[in-house]
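Quick notes on the structure that follows.
Both backbone and side-chain heavy atoms feed into the values below; hydrogens, waters and symmetry mates do not. None of these values were measured; they are calculated from a predicted model. The residues of the chain are indexed from 1 along the displayed sequence.
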Amino acid sequence: MTRAFIWDLDGTLLDSYEAILDGIAETYAYYSLDFDREAVHAFILQQSVQSLLEDVAREHGLDAEEMNRYRASSLREKNAQVHLMQGARDILAWAKEEGITQFVYTHKGKNAYPILDDLGILSYFQEIVTTDNGFRRKPDPEGVDYLVDKYQLDRSETYYIGDRTLDVDLADNAGIGSINFLNYKPDVNHAIRHLDDIRLYFEEEKS
């Protein structure tokens, strides 16, 4: 069985949180809501944009789906603000050279495709799973289970790479390895500070 990486996007491969926050700020402004950038950033790191909008909609008697549609249309205009995380292209190229099969599993929608294409990294991925696939949201393992079953991945050689606690929880729930920018659940997760630490980790394992 070959090794497999399943990548998160925002905050992992994509430096996109500023664009995301700008999109949320515009949505708040459209609905005349007060926007605390730091508090919103902390919330979406701990949970998700979807959870944020659901909470706000419930509190203010708004429609969360309508809010998310407005935010998504605003965010598409901000694709140019999204950049690769430092070392992203190099680690993807290294993994490809090592014969590691790579996938994406993200809470982004179809907007993920043009972003990855514009950044020149779309071709690295065997398949990209987005919210449009309709799987239950992370940390539910349904999306990972789909990839494992479809491509007959070896769970002991499959890793979910992300930047939030729910990404580690997802890997734990799916019975696969976790590589994450947070030092969380060290019994199941390997913490990194930079993307190149992934290469160093597997090269050290070889020696």
Side-chain angles (χ1 to χ4, degrees), residues 1-22 41 44-45 75-76 78-131 138 143-144 147-148 150-151 153-172 174 176-186 188-207:
M1 286 283 186
T2 58
R3 183 168 289 150
F5 286 170
I6 305 174
W7 293 93
D8 174 50
L9 288 182
D10 297 317
T12 304
L13 287 175
L14 303 183
D15 183 359
S16 51
Y17 279 126
E18 289 308 310
I20 290 169
L21 288 166
D22 285 349
H41 191 194
I44 64 174
L45 283 176
L75 195 58
R76 276 194 292 274
K78 295 176 174 56
N79 283 1
Q81 290 177 231
V82 177
H83 307 286
L84 288 176
M85 294 285 282
Q86 184 177 0
R89 196 182 307 278
D90 289 342
I91 197 65
L92 291 170
W94 169 82
K96 181 179 180 180
E97 288 171 9
E98 290 291 306
I100 298 169
T101 310
Q102 301 185 86
F103 306 90
V104 166
Y105 177 35
T106 176
H107 278 169
K108 278 189 177 302
K110 290 178 182 175
N111 191 40
Y113 289 89
I115 291 174
L116 296 177
D117 194 26
D118 289 347
L119 292 170
I121 61 170
L122 184 62
S123 63
Y124 283 107
F125 306 110
Q126 183 87 12
E127 184 169 347
I128 295 168
V129 177
T130 72
T131 54
K138 297 186 286 184
V144 168
L147 290 173
V148 167
K150 179 175 179 178
Y151 295 96
L153 305 179
D154 179 349
R155 288 183 193 264
S156 69
E157 289 292 334
T158 300
Y159 297 81
Y160 190 79
I161 306 172
D163 69 311
R164 295 187 290 169
T165 57
L166 66 80
D167 296 326
V168 179
D169 291 338
L170 165 67
D172 194 12
I176 64 173
S178 173
I179 298 172
N180 196 283
F181 283 99
L182 295 180
N183 188 12
Y184 169 69
K185 285 190 175 179
V188 298
N189 175 55
H190 177 74
I192 58 171
R193 295 182 63 191
H194 308 284
L195 286 172
D196 193 54
D197 292 344
I198 298 169
R199 177 183 62 83
L200 298 174
Y201 171 63
F202 286 105
E203 287 181 352
E204 285 172 7
E205 264 200 344
K206 279 184 188 176
S207 58

ask   = Phe202 and Tyr159: side-chain contact (heavy atoms from CB on, under 4.5 Å), yes or no, with the steps?
value = CA-CA 12 Å; Phe202 286 105; Tyr159 297 81; 3.7 Å; yes
Of the non-hydrogen atoms in [X] and [Y], which two are nearest, and what is the gap between them?
X      : Y      : value
Glu157 : Arg3   : OE1-NE, 3.0 Å
Thr106 : Ala112 : CG2-CB, 4.5 Å
Ala171 : Ser178 : CB-CB, 3.6 Å
Lys78  : Ala19  : CD-O, 3.6 Å

When rounded to the nearest 0.5 angstrom, what is the spacing between [atom1] in [X] and [atom2] in [Y]?
X      : Y      : atom1 : atom2 : result
Thr2   : Tyr151 : OG1   : OH    : 12.0 Å
Asp8   : Ile161 : CG    : CD1   : 10.0 Å
Asn189 : Ile179 : CG    : CD1   : 8.5 Å
Phe5   : Leu92  : CZ    : CG    : 9.5 Å
Lys150 : Phe103 : NZ    : CZ    : 8.5 Å
Phe125 : Ile6   : CZ    : CD1   : 12.0 Å

Any donor-acceptor N/O pair, [X] side chain to [Y] backbone, under 3.5 Å:
X      : Y      : value
Asn183 : Ala191 : no
Asp172 : Val168 : no
His107 : Lys138 : yes
Asn111 : Asn79  : no

message = Evaluate Trp7 against Ile121 for side-chain contact (heavy atoms from CB on, under 4.5 Å), listing each step before the verdict.
response = CA-CA 12 Å; Trp7 293 93; Ile121 61 170; over 6 Å; no
Sequence-distant partners of [X], ring pair (Phe, Tyr, Trp, His ring centres under 6.0 Å), two or more places apart:
X      : value
Tyr201 : His190
Tyr113 : none
Tyr105 : none

Distance-only check: which donor-acceptor pairs under 3.5 Å involve side-chain atoms of residues 80-91, not counting sequence neighbours?
from, atom 1, to, atom 2, distance (Å)
Gln81, NE2, Asp22, OD2, 3.1
His83, NE2, Gln81, O, 3.4
Arg89, NH1, Leu119, O, 3.1
Arg89, NH2, Leu119, O, 3.1

query = Salt bridge between Arg164 and Asp169, side-chain N to carboxylate O under 4.0 Å?
reply =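 No salt bridge links Arg164 with Asp169.
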request  = Could you pull out all residues at least two apart from Asp196 that satisfy salt bridge (Lys or Arg N to Asp or Glu O under 4.0 Å)?
outcome  =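 Asp196: salt bridge (Lys or Arg N to Asp or Glu O under 4.0 Å) contacts with Arg199.
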inquiry  = Applying salt bridge (Lys or Arg N to Asp or Glu O under 4.0 Å), can you list everything that pairs with Lys108, at least two apart in sequence or on another chain?
reply    =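 Testing Lys108 for salt bridge (Lys or Arg N to Asp or Glu O under 4.0 Å), a comparison that skips the adjacent residues, returns Asp10.
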Test item: side-chain donor near acceptor, Asn180 and Tyr160, under 3.5 Å =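 Distance-only check fails for Asn180 and Tyr160.
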request  = Go through the steps for Tyr124 and Leu116 under the test side-chain contact (heavy atoms from CB on, under 4.5 Å), then give the verdict.
outcome  = CA-CA 10 Å; Tyr124 283 107; Leu116 296 177; over 6 Å; no
request  = In sequence, state the C-alpha distance, the side-chain angles, and the governing distance for Leu147 and Val144, and then conclude on side-chain contact (heavy atoms from CB on, under 4.5 Å).
outcome  = CA-CA 5 Å; Leu147 290 173; Val144 168; 5.8 Å; no
